[in-house]
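Encoded as structure tokens, the structure appears first; notes follow it.
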2 protein chains.
Amino acid sequence: METRYAYVARLLTEAIAGGRHPIGSVLPNEFELAEQFAVSRSTVRAAMRELQASGLVSRKRNAGTRVEALTPQRSGGGFTQALESIEAVQRFGVETERHVQRVAEVVADDALARDLGCRPGRRWLRISSLRMIPGDATKTPICWTDVYIDDAFAREVRSRMDGHRDIFGTLVEKISGRRFSEIRQDIRAVGVSHDMAEPLKATPGAHALAIRRQYLFSSNEMAEVSLSIHPADRYSYTTRLMRKDSERE
Amino acid sequence: METRYAYVARLLTEAIAGGRHPIGSVLPNEFELAEQFAVSRSTVRAAMRELQASGLVSRKRNAGTRVEALTPQRSGGGFTQALESIEAVQRFGVETERHVQRVAEVVADDALARDLGCRPGRRWLRISSLRMIPGDATKTPICWTDVYIDDAFAREVRSRMDGHRDIFGTLVEKISGRRFSEIRQDIRAVGVSHDMAEPLKATPGAHALAIRRQYLFSSNEMAEVSLSIHPADRYSYTTRLMRKDSERE
DNA sequence: TGTTATATTATGTTCGTACATATTAATATG
DNA sequence: CATATTAATATGTACGAACATAATATAACA
């Protein structure tokens with residue numbers, strides 16, 4: 001038999017998916033829900049824990065329970081990929097080090113705006129760098145990366161980037177005092193362009209992976225974008241998706 | 001101030017990390033722990049929920065709480081990607097339909113074994129197909145896919161594949177009565193080969209994404225592998241990684 | 001001996017109560 | 001009018017009790 005909290009969780013999930021509670025709206029409080037469903041507050045809280053775990057709602061003291069998504073973001077039955085840190089998103093199998101080539105402030109023209117997924121005219125700090133394996137005698141770069149950081153953080157980033165060996169995303173989080181809530185990633189097949197062929201030690205037109213990563217704060221504000229070019233023979237993007245059940249047997 | 005359940009969770013986490021409770025051992029039951037820490041059973045259960053969420057322990061009725069790992073496996077702060085189903089792994093933005101081109105039983109030679117990640121000599125049922133957008137007048141395929149299914153399921157798959165519109169993975173799960181526990185995915189940049197240029201309506205050597213997906217029952221039982229070739233102009237692989245935290249602000 | 005009832009056990013569910021705490025809204029104060 | 005104080009509010013923490021359920025161990029029985 002379906003437990004009562006599972007029943008409450010299911011009804012609420014269906015109501016949210018069905019549009020009864022649009023994103024951003026606030027659910028009735030726990031006591032009201034308890035009365036509506038004729039269960040105790042503890043049962044409502046157990047149901048809420050499920051909704052929260054699946055990413056449907058967020059909760060805050062006295063602000064109530066707000067709907068964040070219409071469908072489960074972190075489900076139980078499907079597959080999940082877990083990355084323990086921002087760095088892990090990059091998934092280089094090996095240790096790499098960054099060699100900064102150029103730093104410049106740029107304004108997005110139409111082409112760049114399309115590449116980055118921002119509006120034309122937006123101002124960015126661009127940091128271009130190569131990634132290498134430390135101690136590699138051939139000095140063959142793994143990839144070329146252009147990191148675009150919101151102009152608002154440009155001065156701080158410029159002054160602190162030298163002492164910073166981590167990925168730039170962590171630096172932006174440190175400077176802004178905020179945390180990224182989402183990373184959008186886009187992988188395409190491209191050819192190595194003429195400009196990049198030489199620094200990458202590849203032939204122009206050679207097969208390569210182009211990876212775009214957009215780093216967003218909670219309000220859908222894009223604070224950073226990175227564009228990487230990986231020649232095909234040096235990199236493949238690997239993920240392991242695990243079925244997630246925490247119950248035993 | 002540290003809450004009591006957080007205190008209990010911390011002590012238990014430290015005790016596990018410190019080797020006091022080796023992997024596979026069973027913790028004292030909830031009533032005993034409640035007495036040890038001088039808290040109520042509810043508080044112990046709240047602490048247990050934390051340990052379970054971080055992957056340190058698993059629990060089963062009457063079998064108790066067993067230690068599964070010494071350090072947190074799913075810590076907060078990282079990012080996760082959630083796929084609701086096996087199909088979602090493919091992440092075509094649009095509805096697509098499969099057009100089977102060839103079906104054959106094959107034995108992996110050295111080259112194929114390397115491509116699939118299996119041992120040479122293993123027998124597979126290979127199903128080659130094109131994926132199209134229904135109603136597309138130009139009939140331009142999205143991708144070419146070779147699906148390799150374990151020989152053991154070959155006969156069943158052959159007889160049931162016509163009535164099956166879903167991805168083959170679900171068919172294999174249905175036939176075997178087992179569920180995949182892991183999908184390994186590998187994305188590389190390649191050129192369209194001469195054989196595939198014509199069916200894909202692409203020029204030989206054109207930039208393309210090659211995606212290999214290995215479907216595993218357990219960590220060493222690979223039941224299915226798929227190799228897809230996506231011409232660059234028709235597909236990009238997109239993922240959204242969400243921060244795990246569900247607290248607000 | 002093998003199979004079927006029965007008791008035991010540890011976690012799971014549900015209730016109710018009480019107080020804590022963070023945030024917002026209302027009110028009083030300078 | 002701006003600021004400090006207070007009240008109201010919704011979630012968070014903590015307790016204790018009772019019963020449910022699944023798995024295991026034990027006893028009863030043929």
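Convention: sequence-line order gives letters A, B, ...; per-chain numbering from 1. Owing to the predicted nature of the structure, the values given are computational and were not obtained by experimental measurement.
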Check: To the side chain of R4(A), which of dC15(C), dT9(C), dT13(D) is closest?
Finding: dC15(C)
Checklist line | Interatomic distance, F37(B) CZ vs dT13(D) P [rounded to whole Å] | finding: 18 Å
Margin query: Within a 6.0 Å radius of atom OH on Y7(A), are there more than 12 heavy atoms belonging to other residues, nucleotides or ligands?
Written below: no
Item checked: Any side-chain donor near an acceptor of the partner, T145(A) and S226(A), under 3.5 Å -> no
Check: Can you name the one residue among L70(B), L11(B), T71(B) that meets side-chain contact (heavy atoms from CB on, under 4.5 Å) with I16(B)?
Finding: L70(B)
Notebook entry, point to check: In residues 41-51 of chain B, which ones come under 4.0 Å of DNA chain D, going by heavy atoms?
Noted result: R41(B), S42(B), T43(B)
Margin query: Can you see if the side chain of R59(B) gets near the phosphate of dG12(C) - specifically, an N or O under 4.0 Å from OP1 or OP2?
Written below: yes
Next item on the list: Please list residues of residues 28-36 of chain A whose heavy atoms come under 4.0 Å from any atom in DNA chain C, ordered by number; otherwise none.
Entry: none
Notebook entry, point to check: Just checking, is any N or O donor in the side chain of R131(A) or T96(A) under 3.5 Å from an acceptor N or O on the other one?
Noted result: yes
Notebook entry, point to check: Between dT11(C), dT14(C), dA22(D), which nucleotide has the shortest distance from any of its atoms to the side chain of N62(B)?
Noted result: dA22(D)
Notebook entry, point to check: Do the charged groups of E32(A) and R41(A) touch, with an N to O distance under 4.0 Å?
Noted result: no
Notebook entry, point to check: Between R98(B) and S129(B), do the side chains contain an N or O donor and an N or O acceptor separated by less than 3.5 Å?
Noted result: no
Note to self: Test: side chain to side chain donor-acceptor pair (under 3.5 Å). Region: residues 12-25 of chain A. Which pairs qualify, not counting sequence neighbours?
What the structure shows: R10(A)-E14(A)
Notebook entry, point to check: Taking atom types as modelled, is there a side-chain donor on Y237(A) or Q185(A) under 3.5 Å from an acceptor on the other?
Noted result: yes
Notebook entry, point to check: Is there side-chain contact between V157(A) and I127(A), with heavy atoms separated by less than 4.5 Å?
Noted result: yes
Check: Rounded to whole angstrom units, what separation is found between the OH atom of Y5(B) and the P atom of dA20(C)?
Finding: 17 Å
Margin query: Check this one for me: any side-chain N or O of T3(A) less than 4.0 Å away from OP1 or OP2 of dG12(C)?
Written below: no
Check: Could you give the CG-to-C1' distance, from L27(A) to dT11(D), as a whole number of Å?
Finding: 13 Å
Note to self: Can you work out whether A38(A) or R61(A) has the more 5'-proximal nearest nucleotide on DNA chain C?
What the structure shows: A38(A)
